[in-house]
Amino acid sequence: MTLRNILIHPDPRLKKVADPIASVNDDLRRLADDMLETMYNAPGIGLAAPQVAVMSRMIVMDCEKEEDATPRPMVLINPQVVWTSEDRSVYEEGCLSIPDQYADVERPAEVEVEWTGLDGKMMREKFDGLWATCVQHEIDHLDGKLFIDYLKPLKRQMITRKMQKLKREMARS
């Protein structure tokens, strides 16, 4: 497994729509392993392939946060939301591509998602709570959308300027 570099906003690749994945193969499985290792190392609870400069529709996530909880790493290929609840919930979201910035985002409280697993089989699951927020956040990445796109323009511009400054500082060091 290899740690991958995570793209930092603003990067034009984060605003592009990712391509569907035609078939599951060993390269894709290696990418999934790399993404999970990168996500856990960051540390984060979700990561989308475009965040590691791979323009494919794949996400990884694990929202088990309790110290004694068994990890539940998930790999979702070509995920799509097939149902959303009318109930809404607000979570303070962050993003590995927008480090140390957080904001409240309102989304459907529950979603049902279909995807292809690493075994090539179709999967379907209903998510709620943090899992629902995470899966929606990561699928947004596949559509070129960031959590800051839900914010008012002034707040979004302020965060973008902070990220531009961070990128300049990272380039110098």
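Values below: every heavy atom of this structure, side chains too, minus hydrogens, waters and symmetry copies. Along the sequence shown, the residues carry numbers beginning at 1.
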Where Ala132 and Gln136 come nearest, the two heavy atoms and their spacing: O-NE2, 2.9 Å

Ring-face cation of Lys145 near Tyr150 (centre distance under 6.0 Å, axis angle within 45°): yes

Cluster link Ile21 to Trp115, ILVMFWY, side chain under 4.5 Å: no

Chi angles and distances behind the salt bridge (charged side-chain N to carboxylate O under 4.0 Å, His left out) call for Lys126, Glu114: CA-CA 9 Å; Lys126 190 182 272 188; Glu114 282 185 351; over 6 Å; no

Residues Asp104 and Tyr91: side-chain donor-acceptor under 3.5 angstrom: no

Closest approach of Asn78 to Pro20 (non-hydrogen atoms, all atoms of both residues): OD1-CA, 3.4 Å

Side-chain (Asp62) to main-chain (Ile45) donor-acceptor, under 3.5 angstrom: no

Contact summary for Val113 and Pro79, nearest pair of heavy atoms: CG1-CB, 4.1 Å

Atom of Leu96, atom of Met39 and distance for their closest heavy-atom approach: CD1-CA, 4.5 Å

Derivation and outcome, side chain to side chain contact (heavy atoms under 4.5 Å, CB included), residues Ile159 and Leu151: CA-CA 10 Å; Ile159 290 173; Leu151 308 180; 3.9 Å; yes

Check ion pair Glu169-Lys162 (N to O, under 4.0 angstrom): no

Ala48 backbone acceptor or donor facing Gln51 side chain under 3.5 Å: yes

Neighbour count above 12 (heavy atom, 6.0 Å) for Asn5 CG: no

Side chain Thr84, main chain Pro108, donor-acceptor under 3.5 Å: no

Asp149 and Lys15 ion-paired at < 4.0 Å: yes

Check against side chain to side chain contact (heavy atoms under 4.5 Å, CB included), Glu93 and Thr133: CA-CA 8 Å; Glu93 293 188 27; Thr133 297; 3.3 Å; yes

Check: Pro10 main-chain N/O paired with Lys167 side-chain donor or acceptor under 3.5 Å: yes

Chi angles and distances behind the side chain to side chain contact (heavy atoms under 4.5 Å, CB included) call for Phe147, Val105: CA-CA 7 Å; Phe147 85 91; Val105 176; 4.0 Å; yes

Under 3.5 Å: donor-acceptor pair, side chain of Glu37, backbone of Asp33: no

Check: Glu64 main-chain N/O paired with Arg72 side-chain donor or acceptor under 3.5 Å: no

Hydrophobic cluster membership, Leu36 vs Ile77, 4.5 Å side-chain cutoff: yes

Ser56 side chain vs Met58 backbone, donor-acceptor pair below 3.5 Å: no

Hydrophobic cluster membership, Met163 vs Leu14, 4.5 Å side-chain cutoff: yes

Ring geometry between His137 and His141 (parallel below 30°, tilted from 30 to 60°, perpendicular above 60°): perpendicular

Side-chain donor/acceptor of Asp34 to backbone N/O of Thr2, under 3.5 Å: yes

Note: Asp143-Arg57 ion pair, threshold 4.0 Å (strictly below): yes

Test log, rule side chain to side chain contact (heavy atoms under 4.5 Å, CB included), inputs Glu112 and Arg124: CA-CA 7 Å; Glu112 195 163 330; Arg124 186 180 188 124; 2.4 Å; yes

Closest non-hydrogen atom pair, Lys121 against Asp119: N-OD1, 2.9 Å

Under 3.5 Å donor-acceptor, Asp11 side chain and Ile8 backbone: no

Distance (rounded to the nearest 0.5 Å) between Lys16 NZ and Leu142 CG: 15.0 Å

Exercise: identify the closest heavy-atom pair between Ala32 and Val60: O-CG1, 4.1 Å

Donor-acceptor contact below 3.5 Å, side chain Thr116 vs main chain Met122: no

